[in-house]
Amino acid sequence: LSAVRPAAETTCLRGDGQVCERQSQPGFTHWGSFAELVAINHAETNLVRLPDQMSFDVAASLGCRFATAYRAVRQLGRPEPSDWVAVHGCGGVGLSAVMIAAAHGARVVAVDISPDALHLAREAGAVESVLVGEHTDVPAAIMDITGGGARVSIDALGSVQTCQNSILCLGTRGRHVQVGLMLGPEQQPPIPMSRVISYELALFGTHGLAAHSYPALLSEIEAGVLEPQKLITRSIGLAEACGALTMMARQPGVGVTMIHP
């Protein structure tokens with residue numbers, strides 16, 4: 001009888017360590033979030049060397065928002081130059097997606113409820129924006145802006161409404177990428193499957209970036225193609241972290257907050 005590889009080993013060998021069935025994540029499966037020292041399991045595979053000239057602020061801003069957005073845009077959404085990309089939610093991961101898509105020639109429509117967030121999205125490369133109010137028909141607005149629908153749409157927030165809007169704003173054979181986590185009562189959102197079928201849409205989930213994919217991201221930052229440091233809008237000390245985190249739901253702020261030890 002031939003030996004059967006464990007599922008987790010097979011997943012990692014094919015290069016999909018970000019969805020390993022036995023994955024470990026500092027701050028999730030063991031101690032390590034917002035700490036002065038962090039233990040990295042299987043560091044020979046999972047530890048990524050930083051370029052010598054890269055600052056710690058830039059490096060810290062990559063995980064997980066910027067790296068997750070990089071996979072969502074470059075590896076799953078895969079827009080071509082001049083393709084329309086819609087980004088729903090312009091927090092840290094959404095702004096990262098805007099920057100990455102725009103840097104590779106896509107035309108980005110940013111969507112948010114905050115004028116300040118949309119202003120930062122414009123600075124990151126968005127060419128159009130949709131300010132969401134109580135009665136805004138987001139899919140219709142994007143259909144009008146793009147002349148028939150986006151090629152790629154990213155839900156960077158994670159709610160029933162943004163998920164549905166992201167799917168419904170796509171043109172035929174478009175690609176939806178779910179980045180925002182669906183939590184609590186919204187874990188099982190109703191999907192407009194009739195549109196998925198009739199438009200032949202593709203739906204993707206994404207769960208971070210595998211360690212072996214980081215060199216491509218780092219090289220783009222070294223070359224100045226991507227500038228994640230421009231998304232850092234505030235720096236606070238480690239002692240202030242708990243207060244800042246508990247305020248995020250009520251006052252999410254704009255851009256990325258960097259926590260220093």
Side-chain angles (χ1 to χ4, degrees), residues 1-51 54 56 58-78 89 91-94 96-97 100 154-160 162-163 166 175-189 191 202-221 226 228 238 241-242 245 248-249 256 258-259 261:
L1 296 176
S2 59
V4 178
R5 292 186 185 276
E9 184 179 347
T10 302
T11 299
C12 294
L13 284 174
R14 71 172 184 242
D16 295 330
Q18 78 281 359
V19 288
C20 174
E21 289 85 347
R22 295 202 303 263
Q23 64 183 277
S24 63
Q25 298 183 54
F28 289 87
T29 60
H30 58 277
W31 292 108
S33 182
F34 300 114
E36 294 182 2
L37 297 174
V38 177
I40 303 297
N41 297 330
H42 306 292
E44 69 279 3
T45 298
N46 295 319
L47 197 62
V48 178
R49 180 180 176 85
L50 297 178
M54 181 172 290
F56 287 153
V58 170
S61 73
L62 302 184
C64 64
R65 63 181 62 82
F66 204 90
T68 298
Y70 187 82
R71 173 162 170 75
V73 174
R74 298 287 286 147
Q75 297 182 354
L76 297 174
R78 307 185 309 280
V93 69
S96 301
I100 294 162
I154 295 172
D155 177 7
L157 179 66
S159 73
V160 169
T162 52
C163 177
S166 180
R175 294 184 286 276
H176 160 79
V177 186
Q178 187 66 41
V179 178
L181 300 178
M182 310 294 284
L183 303 174
E186 299 196 328
Q187 290 185 62
Q188 305 293 333
I191 300 297
L203 309 185
F204 295 95
T206 187
H207 193 242
L209 185 69
H212 67 80
S213 294
Y214 270 84
L217 168 59
L218 296 176
S219 67
E220 291 193 24
I221 296 171
L226 301 174
L238 187 58
C242 287
L245 291 169
M248 284 183 67
V256 174
M258 186 60 57
I259 299 174

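This chain uses plain numbering: 1 for the first residue, then up along the sequence.
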Which heavy-atom pair separates Val160 from Pro189 by the least distance, and what is that distance?
CG2-CB, 3.9 Å
Show your working on side chain to side chain contact (heavy atoms under 4.5 Å, CB included) between Ile221 and Leu62 and close with a plain yes or no.
CA-CA 10 Å; Ile221 296 171; Leu62 302 184; 3.5 Å; yes
Please answer whether the main-chain N or O of Leu183 pairs with a side-chain N or O of Glu186 as donor and acceptor at a distance below 3.5 Å.
no
Heavy atoms of Ala241 and Ile259 approach each other most closely as CB-CD1, 3.7 Å
Determine whether Leu217 and Leu226 make a side-chain contact, defined as any pair of heavy atoms from C-beta on separated by less than 4.5 Å.
yes
Run the numbers on Leu209 and Phe66 for side chain to side chain contact (heavy atoms under 4.5 Å, CB included), then give the verdict.
CA-CA 9 Å; Leu209 185 69; Phe66 204 90; over 6 Å; no
Rounded at 0.5 Å granularity, tell me how far OG1 in Thr162 sits from CG in Asp155.
3.5 Å
For the pair Arg71 and Leu76, evaluate side chain to side chain contact (heavy atoms under 4.5 Å, CB included) and give the outcome as yes or no after the intermediate values.
CA-CA 6 Å; Arg71 173 162 170 75; Leu76 297 174; 3.9 Å; yes
Heavy-atom closest pair, residues Ala210 and Gly17:
CB-N, 4.3 Å
OH on Tyr214 to CG on Leu47, rounded to 0.5 Å:
11.0 Å
For side chain to side chain contact (heavy atoms under 4.5 Å, CB included), just list the numbers for Asn41 and Thr29, CA-CA rounded to whole Å, side-chain angles, deciding distance to a tenth of an Å, and then say yes or no.
CA-CA 11 Å; Asn41 297 330; Thr29 60; 5.7 Å; no
Just verifying a value: how many Å separate His176 NE2 and Cys163 SG, rounded to the nearest 0.5 Å?
4.5 Å
Quick check for you: to the nearest 0.5 Å, what is the distance between Cys20 atom SG and His207 atom NE2?
11.0 Å
Heavy-atom pair with the smallest gap, counting every atom of Leu157 and Gly89:
CB-CA, 4.4 Å
Ignoring hydrogens and angles, tell me if any N or O in the side chain of Gln75 forms a donor-acceptor pair with the backbone of Gly77 under 3.5 Å.
no
Taking all heavy atoms of Pro228 and all of Val58, pick out the closest pair and write down the distance.
CG-CG1, 3.8 Å
Supply the atom-to-atom distance Gln25 CD to Gln18 CD, rounded to the nearest 0.5 angstrom.
10.5 Å
I need the Leu181 CG to Thr68 OG1 distance, nearest 0.5 Å.
9.0 Å
Between His30 and Ser24, is there a donor-acceptor pair closer than 3.5 Å when you use the side chain of the first and the backbone of the second?
no
Considering non-hydrogen atoms only, spot the tightest contact between Arg175 and Arg78 and give its length.
NH2-O, 3.2 Å
